[in-house]
There are 2 protein chains.
Amino acid sequence: MTTGPQAPEGYDPHAYPPFAVTVDLAVFTVRDGALKALLIERVDDPYAGAWALPGGFVDIDEDIPDAAWRELHEETGLEQFAGHLEQLGTYGTPGRDPRMRVVSVAHVAFAPNLPDPTPGSDARNARWCDVDDLDLPGLRGSHADAEITLAFDHARILADAVDRVASKFEYTPLATSFVADHFTLGELQHVYEAVWGTRLDRSNFRRWVKDTTGFVRPTSGTARRRTAGAGRPAALYTADEDGPGTLTPPLMRPDDARALRHDPRAPRHEPGALRPDEENR
Amino acid sequence: MTTGPQAPEGYDPHAYPPFAVTVDLAVFTVRDGALKALLIERVDDPYAGAWALPGGFVDIDEDIPDAAWRELHEETGLEQFAGHLEQLGTYGTPGRDPRMRVVSVAHVAFAPNLPDPTPGSDARNARWCDVDDLDLPGLRGSHADAEITLAFDHARILADAVDRVASKFEYTPLATSFVADHFTLGELQHVYEAVWGTRLDRSNFRRWVKDTTGFVRPTSGTARRRTAGAGRPAALYTADEDGPGTLTPPLMRPDDARALRHDPRAPRHEPGALRPDEENR
DNA sequence: CCAAAAGTGTTCTCAGTACACCCATGT
DNA sequence: ACATGGGTGTACTGAGAACACTTTTGG
């Protein structure tokens, strides 16, 4: 091992146990009226052939957000990512990676409806996977007959990430990160319904969105038939960039949208109660 | 550097950059009607003599929650810690520790009114510090004339932790972690008021607490003068252990309690928007 | 008696809910 | 004509806010 970076005199770089630090990404988009997560097929050996969240090692002089954005760009192939990225939590149980002790800082990213599966820069296969088709611990459908199983503890990370997205939708205008820069209120409502897995009253949703300051701004344009079929053309709106990052009042999802989830509303992020004698999972 | 733990054949333990991983703890209690955080005086050289959050290195085979509980016991000297501990977020900006590249997993702990400053097992000085007396970035009083400055990025961590506690009080019964196992509704209200830095209507608070299932249970006992002075003896309550970890409906803090904070309601945890080109502190 | 804190009740208002109804367009 | 989705209005209801009032203690 080399000496620690910028280590002054008097410190022993061997005095601390060496960890590997990675970033994992739960990248979401809404497509075909469903919440989808980006998964990649692993080629390297731990869990080779299995599906996993995109991610990779953090460089020794690289900030963690930078590493997350770098991996996001590398794995999605998107240079201009217009969405949102934030830290979710850190997962570092010994043995979660059979190779070595790895601490992974998981992130959540919100993407607008992206061009297509976007295979990564390397040879891996990539796809958008419906989260309802996955067997996530205590979440949504929880299909025991799911054909896809995720590598490492990525099922838990993804379950926490889904909870995070659903919570964020109540208090923040981040739903606009899932749609194009100009969108109709119907599209925005479809995003909410896909993320929450519920139905919303069109009239009340529209009134809440328009009465909430700092959420959307009307534009002069009107949507000329972007969805197939008939219907009156909808007015186009834009995200209000000047607004605060918070919605007042919040839009609380209906109770049936919470019942679908395991431990709703509370786990904004925490991976459990973290009691000393309890199993953490 | 030694070979990575349980590394199978074919993997090079030198292939990843070695990080140090620590846990930092923001331990809160309510005392004298104010929210206090546990700070220790550093003796070792980086920021020696400065005040900092308790914390330490994670062992190479130790789970992160275990490390957090271990440090909590070591630093507070409390064997039986009746409170609550949860992960807050991870702070790993290069250079935050001048010795080496350190990634710190910060935690939040809620403690009942503890016996006293409780100096740690080692020689360091420890004290409960009023969070309003600290200069925390964009929070509460934000005293520019604060006498105490915190080591590393602990001011930011503590600011995020205060936000987390205030948010948690809206949706979870964790306020009971700040009081003894038997408490009066007045005491519980004082805890809420200290954490939110606001005043609540006594009548409405009491009605909300009693109407919220899974929060408190009445006991037969009645408090016999624990606060000095006159007044009718109050009934004693206990935390409802059987309830879900969430409060329905939530108790929203009044708007003036949000205005005290920098970026209220939204940053349940995220340390900012994490844009690639932005400074992340 | 008075102050202080606990406990109870009542009114008002407003936001969420559940609808009904009309408008514009494609087929 | 009719189905489809956009847009508007309205009555009902329940929870929060504000506040008045009673009860029980200590001094």
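So you know, we letter chains A, B, ... as the sequences are listed, proteins then strands, and number each from 1.
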| task | Using a cut-off of strictly less than 4.0 Å between a heavy atom of the residue and any atom of DNA chain D, enumerate the qualifying residues of residues 206-217 of chain A by number. | result | A:R206, A:K210
| request: Measure the shortest side-chain to side-chain distance between A:D240 and A:V216 over non-hydrogen atoms and say whether it is less than 4.5 angstrom. | output: no
Using whole Å, report how far [atom1] of [X] lies from [atom2] of [N].
X      : N      : atom1 : atom2 : value
A:E187 : D:dG6  : CD    : C1'   : 12 Å
A:Q189 : D:dG7  : CD    : P     : 11 Å
B:M252 : D:dA17 : CE    : P     : 10 Å
B:L188 : C:dA5  : CG    : C1'   : 16 Å

| message | I'd like to know if B:S203 reaches the base of C:dG9 with its side chain such that a donor and an acceptor end up less than 3.5 angstrom apart. | response | yes
| Side-chain donor/acceptor contact of B:R202 with base of C:dG7 under 3.5 Å | yes
| query | Do you know the tightest heavy-atom contact between A:L88 and A:V108? | reply | CB-CG2, 3.8 Å
| request: Apply side chain to side chain contact (heavy atoms under 4.5 Å, CB included) to B:A109 and list each qualifying residue two or more places apart in sequence or on a separate chain. | output: B:V27, B:L72, B:F81, B:L85
| Between A:D201 and B:G186, which has a closest nucleotide on DNA chain C that is more 5'? | B:G186
| Nearest to side-chain heavy atoms of B:P233, which nucleotide of D:dT25, C:dA6, D:dA3 | D:dT25
| query | Salt bridge or not for A:D160 and A:R164, using N-O below 4.0 Å? | reply | no
